[in-house]
Amino acid sequence: MPTTLDLTYPNVKDHFVNHLKPGRTESHAFLAWFLEHYYRLEPDQARDCVCDGVDDKGVDGIYVDDNLESIDVFQSKLFQNPAKTLGDTELKEFMGTLSQFENATKIEQLALSTGNKELAKLITSEEVAKKVLNGYVVRGIFVTNALSDNNANTFLTSQSQIALYDANRLASLYVPLGPTGPMTKPVKFQINPDGCAHYKINGTRVYLASLKASELIQLDGIASAALFAWNVRQSLGRTKVNKEIGVSIQDPSEHKNFLLFHNGLTILSKSVKKARKSITVTGYSVVNGCQSLTSLYDNQAGLTPELEILTRIIEVSPESPLATKITHHTNNQNPISARDLQSNSSIQRRLQKEFETLFPGKIFYQIKRGETTSIPKVIENQDAARILLGFDLSEPWTCHQTYKLFDELHARIFARPEVNAKRIVAFTLAFEAVNSAIAKIDHKLMADYTLTLYF
């Protein structure tokens with residue numbers, strides 16, 4: 001996924017390449033990408049909101065927000081000519097499209113008359129007619145990769161029902177995904193010519209070798225944790241596993257046995273070059289063994305040439321789908337929670353990046369267990385999930401079930417357009433105010449009950 005926003009055609013397709021499927025128009029894929037990145041929906045949610053196709057009556061997508069009691073009707077326009085601008089003609093036609101949603105009767109007629117099954121299903125499954133009857137507000141959202149011209153801007157000043165996302169607005173609101181890319185500085189390890197296994201699995205090259213700890217700690221990004229950006233969690237601090245590793249490192253007599261009782265590291269690397277006595281990696285990330293490598297780095301003064309780590313090097317981009325599967329399946333030194341697995345989701349990464357942009361040096365949004373920072377105020381995404389669940393979704397009775405927050409409830413809590421860094425900060429401040437006043441409750445048993453805070 002590109003980290004800078006280039007909306008010129010055909011470069012714009014690089015952003016929504018994951019949505020380009022057989023039978024799906026480029027405009028359809030463009031809108032799905034928009035919903036994922038700007039409405040913060042999960043990929044499946046975004047796909048289900050789009051109905052762009054034959055006989056769609058000018059409706060490319062519908063999103064119903066029960067929290068805000070609004071219904072957003074989308075139309076997307078992808079321009080291939082970079083010199084072409086958006087005028088008022090397309091917007092006036094879109095107003096005609098929106099007239100089909102003026103009342104419940106017209107909406108029901110639209111569902112019956114359209115030959116587009118996706119549109120009909122959206123209207124009926126989301127109960128659009130009923131919700132309009134109950135007072136939900138209908139808005140038109142026009143999305144395009146072109147710039148709007150003066151005619152379009154003048155028209156919009158008198159049409160509050162339409163919100164335009166043109167190239168300028170898309171660029172100004174764009175939040176690139178957060179993790180640091182793989183480390184690019186090449187690192188060479190010395191190997192025993194007879195002690196390195198090399199094989200292929202479905203075309204993917206894998207190297208298995210014992211590498212000196214003193215060389216492994218020269219990898220870029222250990223101190224900053226950027227080396228572990230693609231892992232599902234960071235170092236977990238002084239856990240039982242970390243302590244045992246530290247004890248082994250501090251006892252030189254144990255160094256020769258380290259290979260026998262340590263699980264090893266897994267390094268994903270875009271490029272691996274093997275010579276007779278060396279192996280060089282470029283574009284790499286450590287996806288298993290974060291605790292071990294951090295412990296080695298922290299205790300580097302006690303390392304000896306005898307201390308070696310069994311290392312598996314896989315020639316695959318850390319950003320690829322295969323890498324994601326490898327990361328999930330190779331982490332077994334500490335149990336992986338649902339929160340760990342969601343730490344690399346686009347939703348959580350985008351929120352963390354948004355905090356960095358809006359509250360630099362002031363508030364840190366922690367999405368991985370073990371993440372450290374010098375920033376004075378930290379908001380853990382687990383706390384944010386509870387607060388949003390209680391305040392936003394009005395389900396305080398579920399806030400103690402932490403195992404659900406990043407599993408079955410994750411999409412409901414976080415995958416909504418209104419959930420952003422500012423909302424999380426505002427609700428956190430409100431929660432802290434409640435927390436500071438909880439002692440004033442006369443019924444002390446109720447005051448001490450954890451869920452009372454969320455009610």
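For the numbers below, each heavy atom of this structure counts, side chains included, while hydrogens, waters and symmetry mates do not.
Separation of atoms CD (Gln100) and OG (Ser113) is listed at 7.5 Å; rounding is to 0.5 Å. Going from atom CZ of Arg139 over to atom CZ of Phe101 covers 14.0 Å, rounded to the nearest 0.5 Å. Of the inter-residue distances, the one linking Leu453 atom CG with Cys399 atom SG reads 10.0 Å to the nearest 0.5 angstrom. How far CD1 of Ile363 is from CG of Leu358: 9.5 Å, rounded to the nearest 0.5 Å. To the nearest 0.5 angstrom, Phe74 atom CZ is 12.5 Å from Ser27 atom OG. Atoms CG and OG1, on Leu170 and Thr144 in that order, are 8.0 Å from each other to the nearest 0.5 Å.
No side-chain heavy atom of Pro396 sits under 4.5 Å from any side-chain heavy atom of Leu451. By the 4.5 Å heavy-atom criterion applied to side chains, Val128 and Lys131 are not counted as neighbours. Put simply, the side chain of Phe364 does not reach to within 4.5 Å of the side chain of Ile379, judged on heavy atoms. With a 4.5 Å cut-off on side-chain heavy atoms, Cys49 and Leu41 count as touching.
Ring-plane geometry between Tyr365 and Phe355 is classed as parallel, the angle between the planes falling under 30 degrees on a 0 to 90 degree scale with a further cut at 60. Aromatic ring orientation, Tyr63 versus Tyr39: perpendicular (interplanar angle above 60°, classes split at 30° and 60°). Ring geometry for Trp33 against Phe30 counts as parallel: the plane angle stays under 30°, on a 0 to 90° scale with 60° as the upper cut.
Between Thr114 and the options Ile123, Val59, Leu119, a side chain to side chain contact (heavy atoms under 4.5 Å, CB included) holds for only Leu119.
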>> For a side chain to side chain contact (heavy atoms under 4.5 Å, CB included) check, start with the C-alpha distance between Leu112 and Leu110, then their side-chain angles and the critical distance, and finish with the verdict.
In response: CA-CA 5 Å; Leu112 292 173; Leu110 174 61; over 6 Å; no
>> Determine whether Leu293 and Leu219 satisfy the following criterion, side chain to side chain contact (heavy atoms under 4.5 Å, CB included), listing intermediate values before the conclusion.
In response: CA-CA 10 Å; Leu293 203 47; Leu219 288 167; 4.0 Å; yes
> When you look at Asp66 and Tyr136, which way does the side-chain hydrogen bond (donor to acceptor under 3.5 Å, both in side chains) test go after all the steps?
Replying inline: CA-CA 9 Å; Asp66 292 312; Tyr136 279 47; 2.9 Å; yes
>> Could you walk me through whether Phe34 and Tyr165 satisfy the ring pair (Phe, Tyr, Trp, His ring centres under 6.0 Å) test, starting with their C-alpha distance in whole Å, then the side-chain angles of each, then the deciding distance to 0.1 Å, before giving a yes or no?
In response: CA-CA 10 Å; Phe34 169 83; Tyr165 286 81; 4.9 Å; yes
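Using a 4.0 Å cut-off between charged side-chain N and carboxylate O, Glu356 and Lys353 make a salt bridge. With respect to the salt-bridge test (charged N to carboxylate O, under 4.0 angstrom), the residues Arg47 and Asp44 qualify.
Partners of Gln401 under the side-chain contact (heavy atoms from CB on, under 4.5 Å) rule, at least two apart in sequence or in another chain, are Thr398, Tyr403, Lys404. With sequence neighbours excluded, the residues satisfying side-chain contact (heavy atoms from CB on, under 4.5 Å) with Ala415 are Glu42, Gln45, Ile347, Ala411. Checked against side-chain contact (heavy atoms from CB on, under 4.5 Å), Asn134 has the following partners two or more places apart in sequence or in another chain: Lys130. A search for side-chain hydrogen bond (donor to acceptor under 3.5 Å, both in side chains) contacts involving Glu354 returns Arg40, not counting sequence neighbours. Take Glu108 and apply the side-chain contact (heavy atoms from CB on, under 4.5 Å) test, not counting sequence neighbours, and it matches Ala129.
For the residue pair Asp65/Ser70, the side-chain donor-acceptor check at 3.5 Å is not satisfied. Asn202 and Thr204 share no side-chain donor-acceptor pair at under 3.5 Å. Of the N and O atoms on the side chains of Asn381 and Gln366, not one donor lies less than 3.5 Å from an acceptor on the other residue. Under 3.5 Å, the side chains of His400 and Arg386 contain no donor-acceptor pair of N or O atoms. Side-chain contact annotation: Asp88 with Asn151, donor-acceptor N/O pair under 3.5 Å absent.
Summarising the local packing, CG of Asn150 is surrounded by 12 or fewer heavy atoms from other residues, nucleotides or ligands at distances under 6.0 Å. Residue-environment remark: OH (Tyr454) exceeds the threshold of 12 foreign heavy atoms within 6.0 Å. Shown here is Lys84, whose NZ atom has no more than 12 heavy atoms of other residues, nucleotides or ligands within 6.0 Å. Around NZ of Lys188, the count of heavy atoms belonging to other residues, nucleotides or ligands within 6.0 Å does not exceed 12.
Shown here for Glu315 and Lys270, the closest heavy-atom pair between the two residues is CG-O, 3.7 Å. In plain terms, the two heavy atoms of Leu91 and Ile162 that are nearest each other are O-CD1, 3.9 Å. Considering all non-hydrogen atoms of both residues, Val281 and Ser269 come closest at CB-OG, 3.6 Å. Considering all non-hydrogen atoms of both residues, Ile413 and Val419 come closest at O-CG2, 3.5 Å. Among all heavy-atom pairs drawn from Lys185 and Tyr284, the shortest one is O-CE2, 3.2 Å. Closest approach of Gly87 and Glu90 over heavy atoms only: O-OE1, 3.6 Å.
Screening residues 415-434 for side-chain hydrogen bond (donor to acceptor under 3.5 Å, both in side chains) gives Asn67-Glu418, Lys377-Glu432, Asp392-Arg416, Asp392-Arg423, Arg416-Glu418 as the qualifying pairs, with residues at least two apart or on separate chains.
A distance-only check finds a donor-acceptor pair linking the side chain of Asp166 to the backbone of Ser148 [under 3.5 Å]. A donor-acceptor pair under 3.5 Å is absent between the side-chain atoms of Arg312 and the main chain of Gly264, judged by distance alone. Put simply, the side chain of Asp60 never gets that close to the backbone of His28: no donor and acceptor are under 3.5 Å apart. Between the Ser285 side chain and the Leu227 main chain, a donor and an acceptor come within less than 3.5 Å of each other.
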